[in-house]
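Each ligand, and each atom within it, is numbered from 1 in the order the structure gives. The structure presented is a predicted model; accordingly, all values stated were derived computationally and were not measured. Counting begins at 1 with the first residue of the sequence.
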Amino acid sequence: MYNGNGKTLVMQHGTLIDGSGRPATTNEAIVIEGNRIRSVGRLTEDVRLEDQDHVQVIDATEHWIMPGLIDGHCHLSFGFPQMAAVPSARGTTNPGFSALRAARNAQQVLRAGVTSLAVPGGTWFIDVALRDAITAGLYEGPRIACAGRFIITYGSIIDNEPSWVGTPEHTIGVLANNVDEMITEVRRQCKYGVDFIKLADSTWGDTQTIAPEELAAVVQEAHRRQARVTIHSRGAGSTRAAAEAGMDWILHADLATEVELEVVAEAGVRLMPTMTFLQHAIDVGHKFGRGPRELDMIKRNWDSSVRMLEQARALGITILCGTDSGNSPLMPYGELHAHEPAILVEYGGYTPMEAIVACTRNNAFVVGLENEVGVLEAGRLADLILLKRDPLADIRVLQGGQHLAMVIKDGRIVDLDGHEDTAGMLAFAPAAAQV
Ligand SMILES: [Zn+2]
């Protein structure tokens, strides 16, 4: 019984933005049975609204109905922020504690209207376990598609320890300095059930740390095992090489110029700029220990990303939305998941409708559910949000869950209150879902 009470949900009235890019329409009725949308549009005669034992009617008058948001780039298990009395190095060193906290992070994300999440990297295989626990109905949270630890070389992002320390399990990268080591790591991660592999080049893109033949080898091995591949690539050369290697999507691409973007367009590879992190770091980074040199670098990458975003749009590259929430103490959960569509509108020349499509229909690709989520139509999974204000009039309406009236995930109405006052306690309601 997906609705908890097992009733058919019928959402009537309001304005429907279905995620496909079609113009908004007046909503007649959305009928949800179990965890799927049965129909959108006219009510069929067999749905008897007066049958309150079996039907729950939701009146959406003066509200806007949309697919649940998808954040294509959010980390749940990095272990930020560090907490008093919890042993930590770069993030917590206790996998059990980290897993429990990741579960709570996922609940916060869901209550911001995010019903699916791609998690490009974390500690241990916590995100795999959390994904499976949510799917099994043990915990409430968004649908998750995840990677394991980033595959990196000496000099890549996350290679922060001296070489004699390497990359311990509680860090979010794993060193692999040649093709053989990379392939072994891909196989190990696939054995543990990751949905995709995350490679990572240099932190800000100034050097290229992974060779083209290494990228190609990882893509081949992962694809053979039905796992997809993405890469942290801020540099121009690494972005070009990633596109040529057949990466499924590329994260960042800050310093890519028109020359590299043409290669990306030619290869049909999607881009997820994830500019929310850069923007937020420029705004608040100084409060979180980011020094002036680093902030200058971030500003440089932001300026370059704005140009890149315009050029990518002109070249017809499909843009995906990610925020990097949870990547560091300055990126909290639940607040920034809809900032990226606002950046697309303000800096990329996108219409609000195009930005909504980017974080719903287009982003369904990154969670591997292209035909299941992201658009509200008959047969799809019932993940939707109800808003008190019009996101087409102001895309920022989507931010921080501030105008959310309701979140439905997998056909179940999410309890939006009642958890935040637990202040760090883990208060999970037992779910009755049978999947
Ligand atoms: Zn990230």
Fill in: Geometric cation-pi criterion Arg228 and Phe365, 6.0 Å radius, 45° cone
yes
Discussion item. Is it true that Ser238 and Gln208 share a donor-acceptor pair across their side chains at a distance under 3.5 Å?
Written reply: no
Worksheet item: Taking the side chain from Gln189 and the backbone from Ala147, do they hold a donor-acceptor pair closer than 3.5 Å?
Response: no
Worksheet, complete the sentence: Smallest heavy-atom separation, His75 atom then Asn327 atom, equals CD2-CB, 3.8 Å
Discussion item. Whether Glu185 and Arg188 form a salt bridge (side-chain N of Lys/Arg under 4.0 Å from carboxylate O of Asp/Glu) is what I want to check.
Written reply: yes
Response to the item:
Near the Zn ion (ligand 1) (protein N/O/S, cut-off 2.8 Å, waters excluded) we have His73 NE2, His75 NE2, Asp324 OD1
Worksheet item: Which pairs count as ring pair (Phe, Tyr, Trp, His ring centres under 6.0 Å) when at least one residue sits in residues 189-235, sequence neighbours excluded?
Response: Phe125-Tyr192, Phe196-Trp249, His232-His252
